[in-house]
Amino acid sequence: PVGTVDKYANIMSVGLTLSAANTLTFEEFDIGLNIFDKVGLLLHKAQWDPDLNFKSEMVGSADYAQFALTQSNQVTSLNLSERAVIDQKNMMIMSHGAAANDELYAEPFEMNWTDLPAGGILVAPKPLYAAATSAGFAVAFGMTLRLYFTIVKLKAEEYFELLESRRFFG
């Protein structure tokens, strides 16, 4: 890389509401950069904050939700086998013992990439999507995805390699 533009981490967020229960839905981040700027986003951390519908729908072992950060809204699943999926998280209920057992959990749900080389995952600034889907839900849910990142200037050949690695030309 040519160098980091930012001294401190930036924060951006996007809200996403499934178009219907159990439907794969995407929402694009608008960062104000384009593919001709020859910069990458070094993603350090993501925080997923689901709404009350999500919490009320996660009641049994058939209930399942999947969140992902992707570089395409054309993927048909949020599995890591898709080149455009940067990272994903699966959420499900695991029952232990009597039905009245409760478990306290903390939100937001987090993905942290700071232990990777260079302190994160390098991605192209556009396109960048939050994505979610569910199974077993009676109603759609919403959530907010917050990203912590720094902008990195890249040489032309590094930038084209970055684009190719995610799906744009490959």
Output yes when a side-chain donor or acceptor of [X] lies under 3.5 Å from a complementary backbone atom of [Y], and no otherwise.
{"X": "E57", "Y": "A138", "value": "yes"}
{"X": "D49", "Y": "P108", "value": "no"}
{"X": "D51", "Y": "M143", "value": "no"}
{"X": "R83", "Y": "E164", "value": "yes"}
{"X": "T23", "Y": "A21", "value": "yes"}
{"X": "H44", "Y": "G119", "value": "yes"}
{"X": "S134", "Y": "N22", "value": "yes"}

Sequence neighbours excluded, which residues qualify as side chain to side chain contact (heavy atoms under 4.5 Å, CB included) partners of [X]?
{"X": "A62", "answer": "none"}
{"X": "T17", "answer": "none"}
{"X": "Q66", "answer": "Y64, L78, N79, Q88, N90, T133"}

Assigning hydrophobic clusters by single linkage (Ile, Leu, Val, Met, Phe, Trp, Tyr; side-chain heavy-atom cutoff under 4.5 Å), is [X] placed with [Y]?
{"X": "F160", "Y": "V152", "result": "yes"}
{"X": "Y129", "Y": "W113", "result": "no"}
{"X": "Y148", "Y": "L43", "result": "no"}

So, do [X] and [Y] sit near enough that their side-chain heavy atoms are less than 4.5 Å apart?
{"X": "T70", "Y": "F26", "answer": "yes"}
{"X": "L147", "Y": "L128", "answer": "yes"}
{"X": "P125", "Y": "V39", "answer": "yes"}
{"X": "T150", "Y": "K7", "answer": "no"}
{"X": "M58", "Y": "F137", "answer": "yes"}
{"X": "L41", "Y": "L122", "answer": "no"}
{"X": "L42", "Y": "F149", "answer": "no"}

Give me the atom names and distance for the closest heavy-atom approach of [X] to [Y].
{"X": "P127", "Y": "Q71", "answer": "O-NE2, 2.8 Å"}
{"X": "L162", "Y": "A124", "answer": "CD2-N, 3.7 Å"}
{"X": "L16", "Y": "A131", "answer": "CD2-C, 4.1 Å"}
{"X": "L18", "Y": "A132", "answer": "CD1-CB, 3.8 Å"}

Spatial distance of atom [atom1] ([X]) from atom [atom2] ([Y]) [nearest 0.5 Å]:
{"X": "I151", "Y": "K153", "atom1": "CD1", "atom2": "NZ", "value": "10.5 Å"}
{"X": "L154", "Y": "D37", "atom1": "CG", "atom2": "CG", "value": "11.0 Å"}
{"X": "N73", "Y": "L24", "atom1": "CG", "atom2": "CG", "value": "9.5 Å"}
{"X": "F141", "Y": "S56", "atom1": "CZ", "atom2": "OG", "value": "11.0 Å"}
{"X": "I86", "Y": "L69", "atom1": "CD1", "atom2": "CG", "value": "4.0 Å"}

Of E110, M111, R146, the one forming a side chain to side chain contact (heavy atoms under 4.5 Å, CB included) with K45 is E110
With salt bridge (Lys or Arg N to Asp or Glu O under 4.0 Å) as the test, would you mind laying out the steps for E28 and K126 before giving the verdict? CA-CA 9 Å; E28 187 172 8; K126 283 189 96 50; 3.4 Å; yes
Suppose we call two aromatic rings close when their centres sit under 6.0 Å apart. Are F54 and F67 close by that rule? yes
